[in-house]
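Each ligand, and each atom within it, is numbered from 1 in the order the structure gives.
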Amino acid sequence: MRRVHRPALPDTAQSYLDRRRPATTAANVEGAWKTARQTQSMRTVLGVLQKMAGARERCMYCVDSHGSDIEHFRPKSAYPMHAFVWSNMLLCCAECGRFKGDRFPLSPTGQPSLVDPSAEDPWDHLDFDPDTGNLTARYNIASGTPSAKGECTVQVLQLDRREAMAEGYRRTFLRLAACVRHALSADAIDAESLTATLLQADDHGLMAWCFGPVSARLQPFMDLRRKAPDVWKACKTAAAQWRAQD
Ligand SMILES: [Zn+2]
């Protein structure tokens, strides 16, 4: 999963959402949404979400499949007042849409228990297993327990049991590792060229994971950190600043 950055909508599309919001209730939300999806304003909204997701328009949850439709982070059935709220909309693939459905678990304090990739860095809650390609909950050293939000997100979206997705993540990881190994074999490493190559190869948002805390113990990222700390830092910064529009 990767952090995505949400721009403001064009005025006409935002005004359309503002007009639809007050009149939307539990009783009419399904029909209202179906009608709205035929409008130019909602096609504009979908277009902005596709741009946010990057050139390949990947699903914002699994980042593996094509994001085909507008997903409501808070399900519109239970939260009709959020059906036309821009910050509640993500781009999602059919499979993630099926797994999530109307699920929206809350923490004991009433906060969402799912990662919202447009509001937070998913890697604060998720971890990656390079051997299997699965996503798992991130272990929180301070509390000595896995992230509750990470566990819930993995469980709801089944991020630890999707073979094709895991294979996609594993291939991307191997590509990123190969880029770093290749750079390390040169006499001097060009930071700009390496970060550009890595960003190009990073189909799954794994760069932020590879250059996170794990790089202190995982090869070849460990070697890069030790031998060329400035280049390592440039890669880490580029990963954190990823924007689809770049
Ligand atoms: Zn998906």
In terms of side-chain geometry, is the basic nitrogen of K233 or D230 positioned less than 4.0 Å from the acidic oxygen of its partner?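 A salt bridge is absent here (no side-chain N lies under 4.0 Å from a carboxylate O).
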
NZ/NE/NH1/NH2 to OD/OE distance under 4.0 Å, K76 and D102: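 Not counted as a salt bridge, because no side-chain N and carboxylate O are separated by less than 4.0 Å.
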
Does one hydrophobic cluster hold both W33 and F104, with members joined at side-chain heavy-atom distances below 4.5 Å?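 Yes; F104 is reachable from W33 via cluster members.
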
Heavy-atom check, side chain of L91 versus side chain of Q50, under 4.5 Å: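 Yes, close enough: below the 4.5 Å cut-off.
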
Considering the options L198, T195, L206, which one meets the side chain to side chain contact (heavy atoms under 4.5 Å, CB included) requirement together with F211?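 The option that passes is L198.
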
Near the Zn ion (ligand 1) (under 2.8 Å) - protein N, O or S atoms: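 Under 2.8 Å from the Zn ion (ligand 1) - ignoring waters, which are not counted - the protein N, O or S atoms are C59 SG, C62 SG, C93 SG, C96 SG.
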
Show me the pairs that pass side chain to side chain donor-acceptor pair (under 3.5 Å) and involve residues 80-95, at least two apart or across chains.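 Passing the test, one end in residues 80-95: E95-R162.
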
